[in-house]
Amino acid sequence: MKLRKIIFSICCGALLALAASLGAAAAEPDGMVVTMLKVNLANGDCERFIFPDHPSMTFDGADMVVTSDVAESRYLRSTVAHFDFERGIPPGTSAVESATATPDTFLFSFADNATVVMASEKLTRADLFTIGGAKVASAPAVGGVVTLSVAELPAGVYIVAPDCREAVKIIKK
């Protein structure tokens, strides 16, 4: 029963933070303040997501599911220490530089429906697959950053598979 109260409190806090940030842009050009979903994992890793819209969090069995209009990511609830929304990125610092500032940080951005950007010190490469499993793109990391273009791909659901974490499902419109 105590665990349910904790989960309920976390969800309420996240919903309040989401409601408070509805007037804020989800992502802006480098050097601008952005709103990010920050997922702090029990192992000390931190993952940040920048979306063009505001994500929702739901619980599906043992999973916490982060969903937006363009992406979905799942976490075992037991691996999530806590999550919150973060408004930041100091002026003059790009989102990618901020993500690579600590070794346990992972940044995922798909804010323009054309480019996927991932950054982590642990990232060495990423692949892009169709929902049917066909590889349509692959790129090595340069300085811990991978950029994949989906601009020329048809609208649909794709799987982005970085080599340092679980895959993320994106929706190209």
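Computation of the quantities below employed the complete heavy-atom set of this structure, encompassing side-chain atoms and omitting hydrogens, waters and symmetry-equivalent molecules.
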Colleague: I'd like to know if I170 and I131 are part of one continuous hydrophobic network [Ile/Leu/Val/Met/Phe/Trp/Tyr, side-chain heavy atoms within less than 4.5 Å].
Modeller: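 No, separate clusters.
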Colleague: Within this structure, what is the OG1-CG distance for the pair T79 and N40, rounded to the nearest 0.5 Å?
Modeller: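 These two atoms lie 11.5 Å from each other.
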Colleague: How long is the gap from NZ on K173 to CG on N113, to the nearest 0.5 Å?
Modeller: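 If I round to the nearest 0.5 Å, the distance is 7.5 Å.
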Colleague: Flag yes if L153 and V168 sit in one hydrophobic cluster, no otherwise; membership is Ile, Leu, Val, Met, Phe, Trp, Tyr, and two members link when side-chain heavy atoms are under 4.5 Å apart.
Modeller: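 Both belong to a single hydrophobic cluster.
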Colleague: Taking all atoms of both residues into account, what is the closest heavy-atom pair of R125 and L123, and its distance?
Modeller: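 Heavy-atom minimum between the residues: O-CD1, 3.4 Å.
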Colleague: I'd like to know if the side chain of S73 pairs up with that of R165 as donor and acceptor (distance under 3.5 Å, no hydrogens or angles considered).
Modeller: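 Note: S73 and R165 side chains meet the donor-acceptor criterion.
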Colleague: Have a look at V136 and tell me which of L148, I159, V150, L128 forms a side chain to side chain contact (heavy atoms under 4.5 Å, CB included) with it.
Modeller: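 By the side chain to side chain contact (heavy atoms under 4.5 Å, CB included) criterion, V136 pairs with just one of L148, I159, V150, L128: L128.
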Colleague: Let me confirm one number: the OG1-CD distance from T58 to E72, rounded to the nearest 0.5 Å.
Modeller: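 Answer rounded to 0.5 Å: 7.5 Å.
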Colleague: For the residue pair S78 and A42, what are the closest heavy atoms and their distance?
Modeller: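 S78 and A42 have their closest heavy atoms at O-CB, 4.2 Å.
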Colleague: Look at the side-chain heavy atoms of Ile, Leu, Val, Met, Phe, Trp and Tyr, link any pair under 4.5 Å apart, and say whether M118 and I171 land in one connected group.
Modeller: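 In one cluster: no.
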Colleague: Quick one: do Y75 and D63 satisfy side-chain contact (heavy atoms from CB on, under 4.5 Å)? Show the steps, please.
Modeller: CA-CA 5 Å; Y75 299 90; D63 290 344; over 6 Å; no
Colleague: Are R74 and D60 close enough, and set up right, to give a side-chain contact (heavy atoms from CB on, under 4.5 Å), and what steps lead you there?
Modeller: CA-CA 9 Å; R74 291 179 167 265; D60 179 19; 3.2 Å; yes
Colleague: For the backbone of G61 and the side chain of R77, can you confirm whether one donor and one acceptor N or O come within less than 3.5 Å of each other?
Modeller: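 Yes: the side chain of R77 pairs with the backbone of G61.
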Colleague: Please check if F106 and V65 belong to a single hydrophobic cluster, counting links between Ile, Leu, Val, Met, Phe, Trp and Tyr side chain heavy atoms closer than 4.5 Å.
Modeller: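 No, F106 does not connect to V65 through the hydrophobic network.
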Colleague: In terms of hydrophobic clusters joined by side-chain contacts under 4.5 Å, are V39 and F59 together?
Modeller: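 Yes; F59 is reachable from V39 via cluster members.
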Colleague: Tell me if the NZ atom of K172 is crowded by more than 12 foreign heavy atoms within 6.0 Å.
Modeller: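 More than 12 within 6.0 Å, yes.
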Colleague: Considering non-hydrogen atoms only, spot the tightest contact between A126 and P162 and give its length.
Modeller: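 Result for this residue pair: CB-CA, 3.9 Å.
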